[in-house]
Amino acid sequence: MKYYAPKGLSDILPEEIPYWHAVEGEVRSAMSSYNYREIRTPMMEKTEVFARGVGEDTDVVSKEMYTFDDKGGRSMTLRPENTASVVRAYLEHKFFGKEELSKWYYVGPMFRYEAPQKGRSRQFHQYGAEAIGSDDPALDAELITLAIDILTSLGLEDVGLKLNSIGCPADREDYIEELVSYLEPKQEGLCADCQERLTTNPLRILDCKNETCQEIVKDGPVMTDHLCEDCQVHFDEVKSYLGELEVDYVIEPKLVRGLDYYTKTVFEVFSEDLGAQDALVGGGRYDGLVELFGGEPTPAVGFAGGIERLVLLLEELERVSHSGEGLDLYVATIDEESKKVAVKIQRELRKVGLITEVDYLGKSLQGQLGYADRYDAKYTAILGPRELEDDELTLRNMESGDQIKVSLDNYVEDIGKRITD
Ligand code: AMP
């Protein structure tokens with residue numbers, strides 16, 4: 001074997017596709033009942049969209065982006081996430097003048113140069129929702145319930161919610177000052193990355209995965225002690241709406257999320273079944289991002305969920321039904337003449353929605369019946385010189401082995417009825 005997929009990029013094989021369809025189907029149906037419309041942005045953007053949107057000092061931008069110069073010498077980046085692109089599109093197409101509240105969703109691949117491991121790859125897929133144009137805490141609660149409802153409708157039972165508020169930029173400045181004075185005397189104990197973060201982006205230390213760093217920040221100051229009145233009221237309202245909606249949550253004071261654009265509400269939805277700390281969905285409010293991109297100050301809130309992680313979980317829990325995947329009908333033939341009729345028959349039956357197959361491998365009749373069995377065909381139609389002469393086909397029920405004759409004059413209706421019954 002000479003060629004392999006690049007490290008961290010995987011093929012999604014046909015046998016995994018039912019899980020992907022289940023997830024994508026549930027995402028689309030939930031998004032549509034929550035009144036979110038789909039947007040599809042390009043897979044790559046000019047690098048500055050992410051550098052500016054996500055933040056230069058975040059891991060995503062400083063370490064994980066696939067960035068290259070195109071043939072015109074422009075720096076391009078494969079999207080590591082989609083919120084920055086959505087906001088770029090919102091402004092580019094002047095949606096602020098077209099609708100008061102833009103509620104959009106997306107599904108698609110993202111790219112991050114990370115160390116691949118279970119549930120973490122370099123090309124992965126996210127579904128996400130963004131609501132741009134309102135600072136109503138009820139909208140934060142709507143996005144949280146949307147994220148949860150998608151997971152529960154897929155059959156996940158133990159879905160939990162971690163919630164925090166990281167306030168507005170002014171609150172954060174205040175908090176960061178206190179955090180830095182707490183950490184400075186302990187900096188020797190921090191990992192090399194965090195020692196650097198102490199000057200570049202101290203908040204990031206809170207979500208460092210290194211255990212000693214986590215141990216050090218554990219007893220440090222918490223963001224929620226630094227919220228201004230406006231942010232405190234917003235946070236209280238979000239919690240109160242969640243209460244109304246009967247959504248349980250745990251307040252996680254160290255939850256800050258890895259992207260710079262968040263303000264006020266941040267949250268993660270996780271599954272107890274997933275074990276580790278890895279979240280299925282992450283999101284929050286980003287009231288400053290539209291303005292950062294040159295628009296009017298416009299509040300917004302959104303989330304993104306990882307499909308690979310969800311599929312892994314659904315596979316482990318065997319929550320997706322594979323029924324209805326086999327063939328409805330295999331059309332077995334005995335000679336050239338009957339094969340010519342068979343391809344016509346199969347085309348007519350496919351037009352009415354049946355899943356059919358004929359032999360493309362030159363198999364004997366016995367071999368064809370074996371093939372039909374292997375692919376779970378409900379029925380096999382057998383066509384040979386005798387059938388053609390009598391203007392009929394032999395229809396075999398693969399489960400019972402019963403065989404009947406069906407006239408070639410009205411086989412579509414006849415077979416269709418038997419299969420859908
Ligand atoms: P983020 O955009 O970092 O907030 O991540 C949101 C969600 O996307 C996470 O909770 C994961 O489910 C998923 N995700 C993020 N990065 C990866 C990755 N490298 N591989 C697989 N899933 C990922």
Side-chain angles (χ1 to χ4, degrees), residues 5-12 16 19-20 23-24 27 41 45 49-50 53-55 57-66 77-87 105-130 143-144 146-148 150-151 154 156 159-164 166 203-204 206-209 252 255-263 265-286 289 300-316:
K7 186 176 171 194
L9 282 70
S10 0
D11 302 306
I12 302 162
E16 297 166 274
Y19 293 95
W20 286 76
V23 171
E24 288 157 3
V27 164
T41 59
E45 297 273 354
V49 169
F50 304 116
V54 179
D57 298 322
T58 60
D59 280 359
V60 168
V61 170
S62 63
K63 296 188 193 151
E64 299 170 0
M65 294 210 300
Y66 279 91
T77 293
L78 294 181
R79 60 183 189 191
E81 59 98 59
N82 212 17
T83 303
S85 306
V86 165
V87 169
Y105 80 93
Y106 58 81
V107 183
M110 309 292 154
F111 305 84
R112 292 184 196 171
Y113 192 79
E114 293 192 84
Q117 50 182 281
K118 194 177 174 199
R120 186 173 298 283
S121 43
R122 291 181 173 170
Q123 177 182 322
F124 59 98
H125 296 73
Q126 285 185 334
Y127 58 91
E130 316 286 355
L143 278 145
I144 290 171
L146 169 55
I148 292 175
I150 290 171
L151 300 177
L154 282 163
L156 300 187
V159 170
L161 171 65
K162 290 180 189 165
L163 187 68
N164 193 23
I166 55 169
L203 268 192
R204 293 279 76 81
L206 297 184
D207 53 21
C208 179
K209 297 281 179 283
E252 189 79 24
L255 180 69
V256 286
R257 316 271 312 119
L259 317 171
D260 268 359
Y261 48 63
Y262 288 116
T263 52
T265 317
V266 288
F267 64 92
E268 277 183 3
V269 183
F270 63 96
S271 164
E272 309 265 0
D273 301 314
L274 206 58
Q277 78 286 20
D278 279 331
L280 288 169
V281 174
R285 193 159 262 292
Y286 49 96
L289 191 56
V301 51
F303 72 75
I307 302 187
E308 276 78 359
R309 254 174 232 184
L310 187 49
V311 164
L312 265 175
L313 197 57
L314 294 172
E315 279 173 346
E316 274 167 27

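We count ligands from 1, going down the list as the structure has it; atoms in each ligand are counted the same way.
- Residue Leu280 has at least one N or O atom closer than 3.5 Å to an N or O atom of ligand 1.
- In this structure a side-chain-to-backbone donor-acceptor pair under 3.5 Å is missing from Arg122 to Leu9.
- Inclusion of Glu114 in the set of residues having an N or O under 3.5 Å from an N or O of ligand 1 is warranted.
- With hydrogens left out, the protein atom closest to atom 20 (N) of ligand 1 is Ser121 N, 2.9 Å, a heavy atom.
- Within ligand 1, counting atoms from 1 as listed, the ones closer than 4.0 Å to a heavy atom of Ala279 are 9 (C), 10 (O), 11 (C), 12 (O).
- When only interatomic distances are considered, the shortest N/O to N/O separation between Arg112 and ligand 1 falls below 3.5 Å.
- For Tyr113, the OH atom sits in a loose shell: 12 or fewer heavy atoms of surrounding residues, nucleotides or ligands are nearer than 6.0 Å.
- In this structure, Arg309 contributes its side chain and Leu280 its backbone to no donor-acceptor pair below 3.5 Å.
- The two residues Thr41 and Arg79 have their closest heavy-atom pair at O-NH1, 3.3 Å.
- The shell of residues lying under 4.0 angstrom from ligand 1, judged by heavy atoms, includes Arg257.
- When non-hydrogen atoms are compared, ligand 1 lies under 4.0 Å from neither the backbone nor the side chain of Leu310.
- Under 4.0 angstrom from ligand 1, the non-hydrogen atoms of Val281 all belong to its backbone.
- Which parts of ligand 1 touch Ala304 is read off a 4.0 Å heavy-atom cut-off, strictly below it: atoms 6 (C), 7 (C).
- Contact analysis puts Arg120 in contact with ligand 1, with a non-hydrogen atom separation below 4.0 angstrom.
- The N/O atoms of Phe124, backbone and side chain alike, include none that comes under 3.5 Å of an N/O atom in ligand 1.
- In this structure, the side chain of Glu308 engages the main chain of His125 through a donor-acceptor pair within 3.5 Å.
- Of all heavy-atom pairs between Tyr106 and Phe303, the closest is OH-O, 3.9 Å.
- For Gln126, every heavy-atom contact with ligand 1 shorter than 4.0 Å involves the side chain, none the backbone.
- With Glu81 contributing its side chain and Ala84 its backbone, the two residues share a donor-acceptor pair below 3.5 Å.
- Contact check on Lys209 versus Glu114 returns no salt bridge, with no Lys/Arg side-chain nitrogen under 4.0 Å from an Asp/Glu carboxylate oxygen.
- Protein heavy atom closest to atom 11 (C) of ligand 1, with residue, atom name and distance, is Arg309 NH1, 3.3 Å.
- At a heavy-atom distance under 4.0 Å, no atom of Glu81 approaches ligand 1.
- Using modelled atom types, no side-chain atom of Arg120 and backbone atom of Ala115 make a donor-acceptor pair closer than 3.5 Å.
- Nearest approach of Ala279 to Glu268, heavy atoms of both residues: CB-OE1, 3.7 Å.
- Across the listed options Gly306, Gly305, Gly119, Gly119 owns the non-hydrogen atom lying nearest to atom 21 (C) of ligand 1.
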